[in-house]
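Below is one structure, written out as structure tokens; the observations come after it.
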Amino acid sequence: MAERCPGARVVEGAVLEGRRFIIAARGYGNVVPAAGEAVFGLLWDLTPADEASLDRYEGVRPGLYHKDECEVLTTGGRNVGALLYLAAETETGEPRPGYLEAIVAAARHHGLPPDYVAQLEGWLPGRRG
């Protein structure tokens with residue numbers, strides 16, 4: 001984020017209920033509807049320039065990703081609106097080399113729940129059943 005969005009800053013941790021993390025067919029992360037499950041992550045404050053940069057990086061214009069508004073519960077206990085980038089594809093695949101390792105490292109660094117980190121690690125090559 002620091003490279004793509006120099007004006008962005010982490011606000012706090014957040015939970016997105018009713019979704020689960022997957023690796024999509026192109027090898028990148030996505031979230032899909034899943035009753036009773038949750039995705040943990042970080043809530044970022046973005047400038048308009050940061051959002052435009054993310055739109056380009058995530059391929060919004062060519063349709064690789066689209067943006068959606070959602071509600072998340074912050075670690076501070078607030079329900080807030082958030083912007084979510086969703087991959088167009090929902091078929092699962094294998095992570096691109098180094099991609100998931102960086103996500104797992106960030107999840108640990110930011111203190112996401114150990115059970116959730118273990119769930120992310122389950123997507124590592126050789127760990128899926």
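- Looking at every heavy atom in both residues, Thr47 comes nearest to Gly7 through CG2-O, 4.0 Å.
- Thr74 contributes atom OG1, which lies 7.5 Å from atom CG of Asn79 (distance to the nearest 0.5 angstrom).
- Here the CD atom belonging to Glu58 is positioned 12.0 Å from the NE2 atom belonging to His66, to the nearest 0.5 angstrom.
- For the residue pair Leu43 and Ala82, the shortest heavy atom distance occurs at CD1-CB, 3.9 Å.
- Under the 4.5 Å side-chain criterion, counting only non-hydrogen atoms from C-beta, Val31 is in contact with Leu84.
- Two residues are said to be in side-chain contact when any heavy atoms from C-beta on lie closer than 4.5 Å; Lys67 and Glu51 meet this criterion.
- Within a 6.0 Å radius of OH in Tyr28, other residues, nucleotides and ligands contribute 12 heavy atoms or fewer.
- Listed for the Glu101 side chain is a donor-acceptor partner under 3.5 Å among the backbone atoms of Gly98.
- Of the residues Leu42, Val10, Leu46, the one that meets the side-chain contact (heavy atoms from CB on, under 4.5 Å) test with Met1 is Leu46.
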Legend entry - Working for side-chain contact (heavy atoms from CB on, under 4.5 Å), residues Glu94 and Leu100: CA-CA 10 Å; Glu94 294 294 324; Leu100 191 59; over 6 Å; no
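- For the pair Glu12 and Arg78, the salt-bridge criterion is met [side-chain N within less than 4.0 Å of a carboxylate O].
- Residues Phe40 and Tyr116 bring their aromatic ring centres within 6.0 Å.
- A heavy-atom distance below 4.5 Å is not found between the side chains of Val11 and Trp44.
- One finds the OG1 atom of Thr92 at 6.5 Å from the CD1 atom of Ile22 (value rounded to the nearest 0.5 Å).
- In this structure, Leu124 and Pro95 have side chains that are not in contact, with every pair of non-hydrogen atoms separated by 4.5 Å or more.
- We find the SG-CG distance between Cys5 and Asp45 to be 11.5 Å, quoted to the nearest 0.5 Å.
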Legend entry - Criterion side-chain contact (heavy atoms from CB on, under 4.5 Å) on Arg20 and Val32, from CA distance to verdict: CA-CA 6 Å; Arg20 72 178 161 86; Val32 294; 3.8 Å; yes
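- Closest approach of Pro62 and Gly59 over heavy atoms only: CD-O, 3.4 Å.
- Side-chain N/O atoms of Tyr85 and Asp55 include a donor and acceptor closer than 3.5 Å.
- Within a 6.0 Å sphere centred on OH of Tyr99, other residues, nucleotides and ligands contribute more than 12 heavy atoms.
- Nearest heavy atoms, Glu89 versus Arg26: OE2-N, 2.6 Å.
- Ion pair Asp50/Arg4 not flagged as a salt bridge, since none of the NZ, NE, NH1 or NH2 atoms sits closer than 4.0 Å to an Asp/Glu carboxylate oxygen.
- Taking CH2 of Trp123 as the reference point, atom CD1 of Ile23 lies at 6.5 Å (rounded to 0.5 Å).
- Residues Leu112 and Val80 fall within the same hydrophobic cluster, defined by Ile, Leu, Val, Met, Phe, Trp and Tyr side chains chained together at heavy-atom separations under 4.5 Å.
- In this structure, the side chains of Ile103 and Phe21 come closer than 4.5 Å at one or more pairs of heavy atoms.
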